[in-house]
Undergrad: 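This is the structure I have questions about; it appears just below.
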Amino acid sequence: MKNRLMVALDVADAEHALAMRDCLADTVAWLKVGLRLFVAEGPELVRVLRQTHRIFLDLKFHDIPNTVAQAIDSAGALGVDMVNVHAQGGEAMLCAAAEAAAAYPDMRLIAVTVLTSDPMPGDEARALALQRARLAQQCGLHGVVCSVHEVAAIKALCGASFLTVTPGIRWGGQDVQDQKRVADPSAAVKAGSDYLVVGRPILHASDPAAAAREAVRLMHAG
Ligand code: C5P
């Protein structure tokens, strides 16, 4: 299960990122580098983190097709294991991204469907997520980022091997903060989520390694 848990390293700088990596040690196999850390530290830190962990570069590219394809090429050259674009970018952008990613067969390319913080009603979010998942698959992407609540429908539509990566994970009465469509780790696994993204419930815990172990324990329960 620890191979399916991704910790979002949403911390200020390399010092905090490396401290969290060391604190989590081998409790998790994946680290997610997002906007905050990448803007602060850039690819150098990614090169360091990838020596010990698999890396999901979560920059949600959304631009003209040529620019996104070039960014995907840079991510592939950097050696990350997963990278994402925003499905809202449309068909031409998704196809250009997939074409660029094809040069890096070990790198998974996924599309954000609807942000788990989006306040739109659940049935609307599900319909849009399904439509964008189908488009992403037709364009040759490997999967999507979605909420746990959309996983089963996306798997039914796109097939079991189409990856689902789910943020918005909370358990034990934790504060949902800005997330709207949340679920706990066992529900995520039960729904068929391939990878669970957890940030603040681990980063802000008094004992982050214990919080990560608890997430893994709950995943096993699913
Ligand atoms: O702290 P928390 O567990 O809410 O962090 C969730 C992480 O997943 C954040 O890094 C956020 O940027 C990312 N994410 C998300 N929803 C998406 C895509 C990514 O929350 N649809």
Side-chain angles (χ1 to χ4, degrees), residues 4-13 16-17 20-21 24 27-28 30-41 45-46 49 53-62 75 80-89 94 97 108-120 122 124-126 128-133 136 141-151 153-154 163-185 187-188 191 193-206 208 211-212 214-216 218-219:
R4 292 168 63 184
L5 177 62
M6 298 173 153
V7 173
L9 276 185
D10 295 329
V11 295
D13 53 31
H16 287 90
M20 186 55 66
R21 175 202 65 180
L24 294 171
T27 327
V28 296
W30 283 83
L31 297 174
K32 183 174 85 66
V33 176
L35 292 168
R36 183 186 192 188
L37 191 56
F38 195 78
V39 168
E41 300 290 351
L45 180 64
V46 173
L49 294 173
H53 288 80
R54 305 197 79 193
I55 304 295
F56 172 17
L57 186 64
D58 175 22
L59 301 179
K60 303 181 183 69
F61 300 135
H62 184 177
V80 302
D81 301 282
M82 185 178 282
V83 65
N84 62 358
V85 296
H86 205 302
Q88 210 177 351
L94 291 170
R108 302 293 90 186
L109 172 64
I110 59 173
V112 175
T113 52
V114 181
L115 291 172
T116 41
S117 60
D118 194 300
M120 78 173 69
E124 259 177 59
R126 188 173 303 109
L128 192 53
L130 279 170
Q131 186 190 320
R132 288 178 175 167
L141 280 76
H142 304 108
V144 287
V145 183
C146 61
S147 92
V148 168
H149 306 282
E150 290 115 36
V151 168
I154 288 172
L163 298 174
T164 54
V165 179
T166 55
I169 304 294
R170 295 291 185 273
W171 63 92
Q174 287 162 345
D175 188 352
V176 301
Q177 288 129 340
D178 54 348
Q179 298 285 12
K180 296 283 183 281
R181 294 192 306 289
V182 299
D184 72 29
S193 172
D194 296 285
Y195 297 102
L196 282 65
V197 175
V198 183
R200 288 162 291 185
I202 290 175
L203 301 180
H204 296 175
S206 54
E214 177 63 3
V216 171
L218 291 167
M219 288 168 73

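Atoms within a ligand are numbered from 1 in the order they appear, just like the ligands themselves.
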Undergrad: For atom 16 (N) of ligand 1, what is the nearest protein heavy atom, given as residue, atom name and distance?
TA: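 Answer, as residue, atom name and distance: T116 OG1, 3.0 Å.
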Undergrad: Have a look at ligand 1 and work out which part of D10, if any, has a heavy atom under 4.0 Å from it: side chain, backbone, both or neither.
TA: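 The part of D10 near ligand 1 is the side chain, not the backbone.
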Undergrad: Can you tell me which portion of P201 lies within the under-4.0 Å heavy-atom range of ligand 1? Options are side chain, backbone, both, or neither.
TA: side chain
Undergrad: For ligand 1, does K60 get within less than 4.0 Å through its side chain, its backbone, both, or neither, judged by non-hydrogen atoms?
TA: side chain
Undergrad: For atom 11 (C) of ligand 1, what's the nearest protein heavy atom and its distance?
TA: K32 NZ, 4.0 Å
Undergrad: Applying side chain to side chain contact (heavy atoms under 4.5 Å, CB included) to L218 and D184, what does each step give before you reach the verdict?
TA: CA-CA 8 Å; L218 291 167; D184 72 29; 5.6 Å; no
Undergrad: Go through the structure and list residues passing ring-ring contact (aromatic ring centres under 6.0 Å, His included) with Y195, not counting sequence neighbours.
TA: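 ring-ring contact (aromatic ring centres under 6.0 Å, His included) check on Y195 returns W30.
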Undergrad: What do you reckon, does Q177 put a non-hydrogen atom under 4.0 Å from ligand 1?
TA: no
Undergrad: Which part of D178 is near ligand 1, with near meaning a heavy atom under 4.0 Å away: side chain, backbone, both or neither?
TA: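 D178 to ligand 1: no contact under 4.0 Å from either part.
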Undergrad: Got the closest protein heavy atom to atom 17 (C) of ligand 1, with its distance?
TA: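 Here the closest protein heavy atom is P167 CG, 3.5 Å.
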Undergrad: Can you list everything that forms a ring-ring contact (aromatic ring centres under 6.0 Å, His included) with H53? Sequence neighbours excluded, please.
TA: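 Listed in chain order: nothing, the list is empty.
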Undergrad: Identify, for atom 6 (C) of ligand 1, the protein heavy atom at the shortest distance, and state residue, atom and that distance.
TA: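 Atom 6 (C) of ligand 1 sits closest to the protein heavy atom Q179 NE2, 3.6 Å.
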Undergrad: In the structure I gave you, are the side-chain heavy atoms of L128 and T113 within less than 4.5 Å of one another anywhere?
TA: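 Heavy-atom side-chain distance check fails, nothing below 4.5 Å.
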Undergrad: Taking all non-hydrogen atoms of both residues, which atom of V112 and which atom of K60 are closest, and how far apart?
TA: CG2-CG, 3.8 Å
Undergrad: Return yes if a side-chain donor-acceptor contact under 3.5 Å exists between R200 and Q174, otherwise no.
TA: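 Q174 and R200 do not have a side-chain donor-acceptor pair below 3.5 Å.
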Undergrad: Please indicate whether any nitrogen or oxygen in G199 is less than 3.5 Å from any nitrogen or oxygen in ligand 1.
TA: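 Yes; at least one N/O pair falls below 3.5 Å.
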Undergrad: Take atom NE2 of H16 as the centre, draw a 6.0 Å sphere, and report whether it contains more than 12 heavy atoms from other residues, nucleotides or ligands.
TA: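 Not buried by this count: 12 neighbours or fewer within 6.0 Å.
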